[in-house]
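Below: the structure, in structure tokens.
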There are 2 protein chains.
Amino acid sequence: MVFYANVCIFASEMTTITDIAKALGITPSTVSRALAGNPRVKEETRLAVKKKAEEMGYEPNVVASNLRKGQSRIVGIIIPRIHREFFSNVIGGAESVLNRAGYNVLICQTLENYEAEVKALKTLKNYRVAGVLLSHSISSTSGKHVKEILGSTPLVQFDRVFPDLPGAKIVGANCEGAYKATMHLIESGYKRIGALAGYMTSQAYVERLAGYRMALEASGFPYDNSIVYYNTIVRETGYQAALKAIEAGCDALYSSGAFSALGAVDAFLEKGFKGANDFGLVATSNESFTGLMSPSLSTLNQHPFEMGEAAARAFLEGRTDTQVIPMELIIRQSSNKNNKWLK
Amino acid sequence: MVFYANVCIFASEMTTITDIAKALGITPSTVSRALAGNPRVKEETRLAVKKKAEEMGYEPNVVASNLRKGQSRIVGIIIPRIHREFFSNVIGGAESVLNRAGYNVLICQTLENYEAEVKALKTLKNYRVAGVLLSHSISSTSGKHVKEILGSTPLVQFDRVFPDLPGAKIVGANCEGAYKATMHLIESGYKRIGALAGYMTSQAYVERLAGYRMALEASGFPYDNSIVYYNTIVRETGYQAALKAIEAGCDALYSSGAFSALGAVDAFLEKGFKGANDFGLVATSNESFTGLMSPSLSTLNQHPFEMGEAAARAFLEGRTDTQVIPMELIIRQSSNKNNKWLK
DNA sequence: CAAAAAAATCCAAACGTTTGCACAAATTCT
DNA sequence: AGAATTTGTGCAAACGTTTGGATTTTTTTG
């Protein structure tokens with residue numbers, strides 16, 4: 001690659017298609033077509049153009065190209081927070097699929113804030129992105145703003161979806177997963193199983209609670225709302241809720257989140273419980289720490305990377321259906337009633 | 001917000017500045033100035049324009065704006081992988097600072113692949129991004145390609161930096177951190193301290209190794225290259241290296257990474273070690289699992305979120321110096337020689 | 001060898017903004 | 001009242017591409 005001093009110093013002085021055209025004594029349109037591989041340009045000139053472009057260090061201006069073509073190769077992803085392991089994995093999966101298809105990824109985090117979500121949607125619309133992959137913030141209760149802002153921009157929702165919004169959705173098998181987790185606790189012999197239920201503003205948590213309830217009722221256990229703890233999502237709230245659950249006589253908990261489960265472990269270690277013989281726990285979301293901590297947590301693996309891949313593919317293929325990503329029950333120490341945690 | 005049917009159905013039929021101008025019987029230039037808050041337009045018309053814009057659901061086309069202005073409000077971030085906790089935290093920090101300053105973030109992951117890095121750099125250049133935040137892939141050995149492709153585009157390097165490249169750099173206090181970690185092991189009474197050194201193609205790892213060596217030599221220990229294990233970065237290679245270290249008679253390890261330390265724990269649990277009395281370990285990178293696993297790992301916290309913030313600020317302020325983010329030694333069970341891990 | 005067909009290139013407009021300069025209208029100053 | 005200034009708008013070009021249709025050049029055909 002030849003490197004021109006002026007190109008190096010001033011970004012504004014980059015070689016354009018017109019520069020190449022002038023250098024070859026032809027018109028910009030031919031250069032454009034040559035570079036695009038249009039069959040209407042002679043092999044000979046195509047080669048000459050490509051050679052000259054290389055020589056002059058030409059790099060296409062995709063901004064201009066996008067403007068003219070009225071479309072961009074950017075996909076926007078809106079998520080609550082990037083550094084949540086679940087979301088960073090989703091992004092990882094989505095990015096690799098999209099990148100292979102020639103798209104790039106613009107990231108916006110809402111930090112669970114409705115206003116930030118609105119702003120992010122507007123920003124992406126203003127960039128005229130090719131599509132949006134969205135997992136809404138916990139403080140958004142309906143998809144009205146999404147439809148209003150996005151209009152016709154293709155939308156794929158994942159994990160946290162608004163049921164009132166049409167279009168592609170990628171969701172975990174929340175109900176089924178929670179059912180399996182709760183059933184596992186029941187089959188392990190636990191007698192009074194509470195739930196850390198999360199926020200009911202999110203469909204995902206509603207479904208998990210439903211699965212928990214179904215498992216109880218299918219096994220002849222009563223559904224007792226007094227041992228269902230809402231709005232638990234972080235370690236501290238999980239801890240507080242678990243303390244109450246212990247007082248209420250629970251011997252196991254199904255947690256809709258991973259961090260709340262961490263708080264639950266804090267609570268029952270504090271209360272002197274020693275192993276899964278005393279207290280059972282299954283958490284949703286197989287964050288990496290769950291398998292490494294002590295006691296290791298039984299979890300539902302949501303396959304976030306695959307979810308990201310599926311979301312990206314749904315966008316690429318223009319799908320509008322709902323795909324359910326299975327949740328895999330991973331049994332570890334925290335629900336293994338037959339053995340103690342600590343050998 | 002009034003919602004026009006056509007706007008909703010066809011993305012191409014969005015209201016433009018010209019539409020507003022026509023609706024008000026004025027010219028696009030005035031509308032543009034009005035929306036930009038240019039003082040040369042009358043208060044009255046400014047209000048009329050803003051009202052009409054709102055009414056018609058106008059959203060600016062930033063692609064056109066960027067083209068005309070020759071600059072964009074996008075910052076590109078290139079990282080090896082998004083779903084590494086360290087990097088997702090850096091991105092989280094950078095995104096929040098940049099977002100507040102009106103910038104958006106385009107993410108590219110290289111997956112430690114040189115070609116992908118080159119492609120990412122070109123893509124970002126083609127988007128004429130305002131700047132690039134880069135942590136290079138492990139397979140890139142010099143910054144030549146970066147300079148060649150990026151030209152005058154502002155560059156901030158973080159964590160893994162090319163020393164041969166000018167401009168802003170945000171690095172961890174690698175040498176100092178490794179020194180502190182090793183010194184802590186020495187002071188705790190360990191006698192033969194090996195190192196899981198990582199890749200010497202990366203400046204960060206070179207510096208860590210240097211810090212390790214300095215601590216040894218400052219304490220009268222010999223630096224013994226036969227118990228320094230290179231290219232350890234994932235769990236498996238850490239495990240293999242730790243097995244060798246055990247055979248070589250080591251009673252402690254300083255690990256330049258967190259995942260390799262995980263492998264080291266595997267190795268010495270397998271070999272029947274029971275606590276820090278037997279084997280000491282300090283890892284770099286305070287990934288969340290390190291504090292939750294058993295034994296919990298003593299680590300060096302690199303403050304990735306703050307590093308991301310610093311990188312973003314360095315870009316915003318046009319800095320060209322090198323900033324060092326201190327590493328904090330967090331002492332946990334794995335190096336606490338006075339107490340057993342398991343109570 | 002002219003006419004028709006095919007191939008290659010050119011022209012000019014468009015994408016939606018922004019902005020220097022010109023111009024007109026309103027205001028202020030001699 | 002006329003000149004000088006200020007204030008508000010309009011005009012038109014520009015940013016770097018792409019693309020439909022016109023035009024030229026080359027090739028094929030009768």
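Residue numbers start from 1 in every chain, and the chains themselves are labelled A, B, ... in the order their sequence lines are given, proteins ahead of strands. Remember, predicted model here, so these are calculated numbers, not experimental data.
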- Could you state the CG-C1' distance from A:Leu35 to D:dG16, rounded to the nearest angstrom? 13 Å

- Message: If the test is side-chain hydrogen bond (donor to acceptor under 3.5 Å, both in side chains), which one of B:Gln109, B:His136, B:His145, B:Lys122 qualifies with B:Glu117?
- Response: B:His145

- Do the side-chain N or O atoms of A:Tyr127 get closer than 4.0 angstrom to the phosphate oxygens (OP1, OP2) of C:dG16? no

- Query: Any side-chain heavy atom of A:Ile325 within less than 4.5 Å of one from A:Ile170?
  - Reply: yes

- Item | Pairwise 5' ranking along DNA chain C for A:Lys42 and B:Ala36, keeping only the more 5' one | A:Lys42

- Hey, is the side chain of B:Ser32 poking within less than 4.0 Å of OP1 or OP2 on C:dT17, counting only N and O atoms? no

- Query: Could you give the CZ-to-C1' distance, from A:Arg33 to D:dT18, as a whole number of Å?
  - Reply: 8 Å

- Value in whole Å for how far the P atom of D:dG16 lies from NZ of B:Lys125: 13 Å

- Query: Roughly how many Å is it from CE in B:Met14 to C1' in C:dG16, rounded to a whole number?
  - Reply: 12 Å

- Query: Between B:Val41 and B:Ala64, who's closer to the 5' end of DNA chain D by nearest nucleotide?
  - Reply: B:Val41

- Task: May I have the distance from A:Ile20 (atom CD1) to D:dG16 (atom P), rounded to whole angstrom?
- Result: 13 Å

- Query: Among residues 66-76 of chain A, which contact DNA chain C at a heavy-atom distance under 4.0 Å?
  - Reply: A:Leu67, A:Arg68

- Query: Quick one: the side chain of A:Thr16 and the base of D:dC15, do they pair up donor-acceptor inside 3.5 Å?
  - Reply: no

- Can you tell which of C:dC10, D:dT17, D:dT9 lies closest to the side chain of A:Ile26? C:dC10

- Item | Separation of atom CD1 in A:Ile17 from atom P in D:dA14, rounded to whole Å | 18 Å

- Dump the intermediate steps for salt bridge (Lys or Arg N to Asp or Glu O under 4.0 Å) on A:Glu54 and A:Lys51, then the final yes or no. CA-CA 5 Å; A:Glu54 177 81 3; A:Lys51 194 176 146 222; over 6 Å; no

- Query: Is there a side-chain contact between A:Val105 and B:Leu106 (heavy atoms, below 4.5 Å)?
  - Reply: no

- Query: Is the side chain of A:Ser139 donor-acceptor paired with the backbone N or O of A:Glu112 at a distance under 3.5 Å, no angle test?
  - Reply: yes

- Query: In whole angstroms, how far is the P atom of C:dT19 from the CG atom of B:Asn38?
  - Reply: 9 Å

- Item | Protein-nucleotide distance (B:Arg40, atom CZ; C:dT19, atom P), rounded to Å | 12 Å

- Task: Evaluate the criterion salt bridge (Lys or Arg N to Asp or Glu O under 4.0 Å) for residue pair B:Arg313 and B:Glu306; output intermediate values, then yes/no.
- Result: CA-CA 10 Å; B:Arg313 274 198 298 269; B:Glu306 287 76 6; over 6 Å; no

- Message: If the cut-off is 4.0 Å, is A:Ser29 near the phosphate of D:dT18, judged by side-chain N/O to OP1 or OP2?
- Response: no

Atom pairs and distances, donor-acceptor, side-chain atoms in residues 17-27 of chain B, under 3.5 Å, two or more places apart:
unit_1, atom_1, unit_2, atom_2, d
B:Asp19, OD2, B:Thr16, N, 2.8
B:Thr27, OG1, B:Ser29, OG, 3.0
B:Thr27, OG1, B:Thr30, OG1, 3.1

